[in-house]
Amino acid sequence: MAPRPKAFKIRSLRGPQKYGVAGRSLPELLRKGGKLLQLSVPDCRLCLYEDGTELTEGYFHSIPDNTDLVLLAPGETWQGCIESRFKNKSSYMRYSCESRIRSYMKEVSSSTSAVHPAAQAEYKRITDFMLDKLKSVKYNGCYFDRREEEAVRLCTTEGWFSCQGPFDRDYCLCKHSINPYSNRESRILFSTWNLDHIIEKKRTIVPTLAEAVKEQDGREVAWEYFYQLLFTLENLKLVHIACHKKTSHNLTCDKTKIYRKRKRMRKVSK
């Protein structure tokens with residue numbers, strides 16, 4: 001069976017316009033891209049728009065659909081559009097981790113409209129607390145930074161990351177590992193690894209938080225518990241894409257931790 005076509009967005013260095021192109025192989029993609037951009041295919045090359053990594057036939061099958069590519073004519077070069085902003089690889093990796101955590105926060109905040117109208121103000125107040133906490137810890141970018149203390153990073157001092165296995169296992173059977181600090185290609189491949197929520201964010205944590213706010217009845221929601229589940233290694237596992245199970249995890253939040261315990265009033269002896 002022939003492989004399915006993969007879709008990409010291709011541009012040249014001659015202008016900003018992008019074209020959607022699909023192909024089952026690198027030669028097919030080069031041929032179609034060259035025709036669209038009016039470039040002669042022989043000696044042309046395709047590279048990633050993000051960081052300039054040149055596409056090979058093997059790499060072609062591993063990058064995700066809709067990746068932005070640049071078609072280079074003979075003599076042309078492209079160094080990428082992102083990493084020049086960063087002083088070093090650790091800064092880039094911190095940014096990569098922060099971006100993931102920011103996206104989780106954005107998803108939680110955007111769920112405000114789905115909360116019961118009477119509880120929306122309180123839900124927003126809680127998400128504001130979470131956002132302030134994330135800002136104070138710089139969106140937990142330390143997880144990907146090899147310069148950080150061992151207790152807070154997910155990699156070795158050399159930059160090696162190991163898959164922590166699916167949500168329902170304590171380890172990775174395949175022993176997946178990667179060093180995105182080594183080269184650009186590895187950094188792109190590392191972007192396909194997931195920071196997976198053991199107790200699921202969309203199916204479980206956010207709905208439970210919304211329900212807790214709605215049903216609090218004078219009680220105070222323990223937002224720190226939900227913060228830990230959403231944004232910290234208490235509930236996040238770094239997993240290779242092959243170990244990322246997208247089926248329902250069928251796990252629930254701890255009902256005893258949803259609300260703060262009320263302090264007992266001490267009796268004053270006369």
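All values below were derived from every heavy atom in this structure, side-chain atoms included, with hydrogens, water molecules and symmetry-related copies excluded. It should be emphasised that the depicted structure is a prediction, and the values quoted were computed from it without experimental measurement.
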Exercise. Report the C-alpha distance between Val137 and Phe231 in whole Å, list the side-chain angles of each, state the deciding distance to 0.1 Å, and finish with yes or no for side-chain contact (heavy atoms from CB on, under 4.5 Å).
Key: CA-CA 11 Å; Val137 295; Phe231 309 115; over 6 Å; no
Quiz item: Mind checking whether Trp160 and Ser182 have side chains closer than 4.5 Å, heavy atoms only?
Solution: no
Quiz item: Do Met130 and Lys133 come close enough that some side-chain heavy atom pair is under 4.5 Å?
Solution: no
Quiz prompt | Check: Trp193 main-chain N/O paired with His244 side-chain donor or acceptor under 3.5 Å | solution = no
Quiz item: Does the side chain of Tyr123 reach to within under 4.5 Å of the side chain of Ser111, using non-hydrogen atoms?
Solution: yes
Quiz item: Should Gln164 and Leu154 count as side-chain neighbours, where that means a heavy-atom distance under 4.5 Å?
Solution: yes
Quiz item: When the aromatic ring centroids of Phe60 and Phe8 are compared, is their separation below 6.0 Å?
Solution: yes
Exercise. Give the intermediate values and the outcome of side-chain contact (heavy atoms from CB on, under 4.5 Å) for residues Cys174 and His240.
Key: CA-CA 10 Å; Cys174 299; His240 184 278; over 6 Å; no
Quiz item: Is there a donor-acceptor pair closer than 3.5 Å between any side-chain N or O of Arg45 and the backbone N or O of Glu76?
Solution: yes
Practice problem: Decide side-chain contact (heavy atoms from CB on, under 4.5 Å) for Ile199 and Phe167; before the verdict, give the C-alpha distance in whole Å, the side-chain angles of both, and the deciding distance to 0.1 Å. | Solution: CA-CA 8 Å; Ile199 300 174; Phe167 76 93; over 6 Å; no
Quiz item: Is the backbone of Glu107 close enough, under 3.5 Å, to the side chain of Ser110 for a donor and an acceptor to pair up by distance?
Solution: yes
Exercise. Determine, using the 4.5 Å side-chain heavy-atom cutoff (strictly less than), whether Ile241 and Ile178 are members of one ILVMFWY cluster.
Key: no
Exercise. Indicate yes or no for a side-chain donor-acceptor contact from Lys214 to the backbone of Ala119 under 3.5 Å, with no hydrogens or angles considered.
Key: no
Quiz prompt | Side chain Tyr225, main chain Asp254, donor-acceptor under 3.5 Å | solution = yes
Exercise. Output yes when a side-chain donor or acceptor of Lys9 lies under 3.5 Å from a complementary backbone atom of Lys18, and no otherwise.
Key: no
Practice problem: Answer whether the closest heavy-atom distance between the side chains of Asn140 and Leu134 falls below 4.5 Å. | Solution: yes
Quiz item: With side chains defined as the heavy atoms from C-beta onward, is the minimum distance between Gln216 and Tyr259 less than 4.5 Å?
Solution: yes
Practice problem: Report yes if the distance between the aromatic ring centroids of Phe144 and Phe161 is under 6.0 Å, otherwise no. | Solution: yes
Quiz item: If Ile, Leu, Val, Met, Phe, Trp and Tyr residues are connected whenever their side-chain heavy atoms lie under 4.5 Å apart, and connections chain through other members, are Val239 and Leu195 in the same group?
Solution: no
Exercise. May I ask whether Val152 and Leu236 are part of the same hydrophobic cluster, defined by side-chain heavy atoms of I, L, V, M, F, W, Y residues being less than 4.5 angstrom apart, directly or through others?
Key: no
Quiz item: Is the closest basic N to carboxylate O distance between Lys257 and Glu224 below 4.0 Å?
Solution: no
Quiz prompt | Check: Trp223 and Leu209 side chains under 4.5 Å, non-hydrogen atoms | solution = no
Quiz prompt | Salt bridge present between Arg94 and Glu148 (N-O < 4.0 angstrom) | solution = yes
Quiz item: Do the numbers put Arg100 on top of the ring of Phe190, so that NZ or CZ is under 6.0 Å from the six-membered ring centre and no more than 45° off the axis?
Solution: yes
Quiz prompt | Ser99 side-chain N/O to Tyr95 backbone N/O, donor-acceptor pair under 3.5 Å | solution = yes
Quiz item: Is Lys237 reaching over with its side chain to a backbone N or O of Pro166, donor-acceptor style, under 3.5 angstrom?
Solution: yes
Quiz item: Where the side chain of Arg153 meets the backbone of Cys142, is there a donor-acceptor pair that is under 3.5 Å apart?
Solution: no
Quiz prompt | Residues Glu234 and Thr232: side-chain donor-acceptor under 3.5 angstrom | solution = no
Practice problem: Answer whether the closest heavy-atom distance between the side chains of Leu48 and Asp68 falls below 4.5 Å. | Solution: no
Quiz item: What is the distance from atom OG1 of Thr112 to atom NZ of Lys124, rounded to the nearest 0.5 Å?
Solution: 7.5 Å
Practice problem: State whether the side chain of Lys6 and the backbone N or O of Ile63 hold a donor-acceptor pair below 3.5 Å, judged by distance alone. | Solution: yes
Quiz item: Do Arg146 and Met93 pass the side-chain contact (heavy atoms from CB on, under 4.5 Å) test, and can you show the C-alpha distance, the side-chain angles, and the key distance before you say yes or no?
Solution: CA-CA 9 Å; Arg146 64 182 179 182; Met93 291 303 296; over 6 Å; no
Practice problem: May I ask you to decide whether Lys138 forms a salt bridge with Asp145, counting only side-chain N to carboxylate O separations under 4.0 Å? | Solution: no
